[in-house]
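Both counts, for ligands and for their atoms, begin at 1 and track the order of listing.
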Amino acid sequence: PLTLDDFEAINRCERTLPKNFNFAGDVLDQWSQKEKTGERPASPALWWVNGKGDEVKWSFGELSSLSRKAANVLTKPCGLQRGDRVAVILPRIPEWWLLNVACMRTGLVFMPGTTQLTAKDILYRLRASKAKCIVASEEVAPAVESIAPDCPNLMTKLLVSLHSRKGWLSFQELFQSASEEHSCVKTGSQEPMAIYFTSGTTGSPKMAQHSHSSLGIGYTLCGRYKMRYLKSSDIIWNMSDTGWIKAAIGSVFFSWIRGACVFVHQMAQFDTDTFLDTLTTYPITTLCSAPTVYRMLVQKDLKRYKFKKLRHCLTGGEPLNPEVLEQWKAQTGLELYEGYGQTEVGIICANQKGQEIKPGSMGKGILPYDVQIIDENGSILPPGKEGEIALRLKSTRPFCFFSEYVDEPEKTAATMRGNFYVTGDRGVMDSDGYFWFVGRADDVIISSGYRIGPFEVESALIEHPAVIESAVVSSPDPTRGEVVKAFVVLSAPFKSSNPEKLTLELQDHVKKSTAPYKYPRKVEFVQELPKTITGKIKRNALRDQEWGR
Ligand SMILES: Nc1ncnc2c1ncn2[C@@H]1O[C@H](COP(=O)(O)OP(=O)(O)OP(=O)(O)O)[C@@H](O)[C@H]1O
């Protein structure tokens with residue numbers, strides 16, 4: 001069998017990809033063997049709690065046998081066949097991990113979705129993907145029933161619940177009687193394994209298709225460099241919702257390829273007290289969470305909490321303001337390592353082990369990627385010049401890439417410019433090779449001929465004690481064409497301040513903290529910012545509102 005060293009060499013592109021690869025058979029079942037021989041510490045593979053006293057701890061051995069049973073449920077009573085697409089809309093419950101592994105074992109294409117999806121969102125996903133089966137929890141079942149008649153390809157509805165429901169097969173019942181005997185399908189390395197819908201920050205979500213190797217092997221090095229040598233004795237808590245690729249990356253692939261324990265708290269909604277209690281109660285060593293979470297946490301007096309074992313903190317998915325990084329470090333003594341990536345290509349830049357962290361930067365390009373800043377003709381720009389963040393595709397496409405946007409060849413082709421894959425984000429590389437995020441290409445504001453990235457203005461605003469978070473967008477202006485407008489959420493002590501006075505104070509603050517032409521000429525105080533269900537700020541919604549679109 002292939003070892004971790006082999007996977008790292010393949011990820012570095014020093015070894016060719018094997019013809020066949022299956023994460024369940026080639027990685028998880030190997031850890032299960034190592035447990036038997038005592039080569040892995042006796043910590044669980046999955047450790048799940050719900051804050052109500054319930055707890056599940058599965059070893060790799062248990063994960064293997066239980067996922068074989070789940071595989072038999074999918075193929076036998078559900079009648080699914082290799083290559084069929086299965087939509088899985090479940091909260092953070094252990095069955096999500098079982099079904100994910102069961103899909104790998106059977107060669108089914110796993111398509112997760114968050115339980116926050118509405119009936120309309122689910123309809124869009126089922127129709128676009130032609131899914132044969134939907135697995136859902138009770139809270140989602142009514143929405144599924146309301147749209148199922150409009151999904152001609154949908155054959156099976158599988159319910160994960162202690163209760164039965166008319167029109168649905170019961171996972172629990174079928175699972176009880178399913179056999180543990182199942183032989184893992186010998187999937188091709190580049191055979192489709194999963195489809196992830198993008199966040200939909202800029203339009204309808206796209207279906208990014210990944211292969212068994214792109215996810216299964218493509219994150220081996222990430223665990224080494226970004227995660228400071230994540231080990232089999234580590235316990236990692238990745239807070240991403242089960243609907244997003246970040247849940248797969250952090251709570252399945254880069255953790256389990258290194259044999260680490262995945263910790264899960266079934267928090268329905270983020271709550272700072274539960275969050276902090278969890279870190280003080282459980283021996284979690286590694287934490288991954290969105291910048292929004294850290295922005296909320298630094299509002300608390302974190303010095304009062306003693307985290308049990310925490311040593312490594314990660315973030316990504318959105319820009320992290322340097323102020324938040326510094327406050328987190330001052331209050332907890334821990335560094336915050338930011339990564340940058342996309343559903344399509346995974347993590348491509350990160351603050352990595354052994355590299356100095358430059359606050360506000362996304363770190364350096366991560367192996368095996370060659371990250372560059374390019375212009376509109378696909379030419380590489382020198383350090384210090386702003387352009388589009390792109391990945392060079394050498395002679396072949398890296399196997400870690402998504403295979404395509406399903407059924408959208410034009411959109412897939414539009415991601416290419418010459419030898420590069422373009423991310424659609426603008427940034428700058430400095431002379432040390434660190435990348436600095438400017439904004440999504442569409443979010444950049446052009447005022448009186450100056451280009452202004454929203455992130456820099458937002459980071460200047462958050463330095464002011466009145467600001468919890470903000471969104472900076474363009475707004476129409478008769479003389480300048482467009483100007484910078486900031487939507488600001490105020491911290492409690494400033495909520496009753498005089499708005500005109502505070503506006504002037506914030507404008508003054510930005511003029512001092514960054515180049516004065518970037519200051520927001522318009523400021524609006526709001527209770528909250530519009531966000532995607534992943535928690536990302538929807539600047540395009542605010543921009544459309546400003547422009548009356
Ligand atoms: N560390 C980071 N700093 C700044 N932006 C980030 C960071 N990490 C991710 N992003 C942003 O998130 C994007 C990737 O997010 P995702 O794959 O969820 O899709 P989306 O772009 O939000 O959705 P859609 O493509 O449907 O609009 C990146 O292109 C970038 O704009």
**Student:** Should Gly339 be listed as contacting ligand 1, given a heavy-atom distance under 4.0 Å as the test?
**Tutor:**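 The answer is yes: ligand 1 sits under 4.0 Å from a heavy atom of Gly339.
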
**Student:** Check this for me: does any side-chain nitrogen of one of Asp442 and Arg539 sit under 4.0 Å from a carboxylate oxygen of the other?
**Tutor:**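 Salt bridge: no.
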
**Student:** Using a 4.0 Å cutoff against the non-hydrogen atoms of Lys206, which atoms of ligand 1 qualify?
**Tutor:**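 Once the distances to Lys206 are compared, the set is 25 (O).
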
**Student:** Under a 4.0 Å heavy-atom limit, does Glu318 contact ligand 1 with its side chain, its backbone, both, or neither?
**Tutor:**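 Under 4.0 Å from ligand 1, Glu318 contributes backbone atoms alone.
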
**Student:** According to the interplanar angle, ranging from 0 to 90°, do the rings of Phe401 and Tyr421 count as parallel (below 30°), tilted (30 to 60°) or perpendicular (above 60°)?
**Tutor:**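 Perpendicular, since the angle between the ring planes exceeds 60°.
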
**Student:** Could you tell me whether Phe21 and Phe7 have their ring centroids closer than 6.0 angstrom?
**Tutor:**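 Yes.
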
**Student:** Heavy-atom distance to atom 3 (N) of ligand 1: which of Pro291, Ala290, Cys349, Pro319 wins?
**Tutor:**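 Among Pro291, Ala290, Cys349, Pro319, the closest heavy atom to atom 3 (N) of ligand 1 belongs to Pro319.
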
**Student:** Which residues pass the side chain to side chain donor-acceptor pair (under 3.5 Å) test with Glu469, not counting sequence neighbours?
**Tutor:**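 Scan of Glu469 (side chain to side chain donor-acceptor pair (under 3.5 Å), adjacent residues dropped) gives Arg295, Lys531.
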
**Student:** Would you say ligand 1 has an N or O under 3.5 Å from any N or O of Thr423?
**Tutor:**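 No, no N or O pair falls under 3.5 Å.
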
**Student:** Could you check if a side-chain atom of Phe275 sits within less than 4.5 angstrom of a side-chain atom of Met296, using non-hydrogen atoms only?
**Tutor:**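 No. Closest side-chain heavy atoms not under 4.5 Å.
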
**Student:** One pair to check against salt bridge (Lys or Arg N to Asp or Glu O under 4.0 Å): Lys358 and Glu338. What are the steps and the verdict?
**Tutor:** CA-CA 10 Å; Lys358 295 193 187 185; Glu338 182 179 350; over 6 Å; no

**Student:** If we only count N/O pairs under 3.5 Å, is Leu320 in contact with ligand 1?
**Tutor:**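 In this structure, Leu320 places no N or O atom under 3.5 Å from an N or O of ligand 1.
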
**Student:** Taking only heavy atoms of Glu338, which atoms of ligand 1 are found under 4.0 Å from at least one of them?
**Tutor:**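 Those qualifying, in numeric order: 1 (N), 2 (C), 3 (N).
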
**Student:** Would you mind telling me if ligand 1 is within reach of the side chain of Gln342, the backbone, both or neither, using heavy atoms under 4.0 Å?
**Tutor:**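 Both parts.
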
**Student:** With the threshold set at 4.0 Å, does a side-chain nitrogen-carboxylate oxygen contact exist between Asp375 and Lys385?
**Tutor:**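 Answer for the salt bridge query: no.
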
**Student:** At less than 4.0 angstrom from any non-hydrogen atom of Thr343, what atoms of ligand 1 do you find?
**Tutor:**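 Matching atoms, with element in brackets: 16 (P), 17 (O), 18 (O).
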
**Student:** Can you classify the ring geometry of Phe307 versus Trp328 as parallel (below 30°), tilted (30 to 60°) or perpendicular (above 60°)?
**Tutor:**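 The rings of Phe307 and Trp328 lie parallel, inter-plane angle below 30°.
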
**Student:** With heavy atoms of Asp425 as the reference, note each atom of ligand 1 found under 4.0 Å away.
**Tutor:**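 Within the 4.0 Å cut-off of Asp425, ligand 1 contributes 28 (C), 29 (O), 30 (C), 31 (O).
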
**Student:** Given that the side chain starts at C-beta and the backbone is N, CA, C, O, which of these parts of Tyr340 lies under 4.0 Å from ligand 1, counting heavy atoms, or is it both or neither?
**Tutor:**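 Answer for Tyr340: both.
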
**Student:** Work out whether the distance between some heavy atom of Gly317 and some atom of ligand 1 is less than 4.0 Å.
**Tutor:**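 Gly317 counts as a contact of ligand 1 under the 4.0 Å cut-off.
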
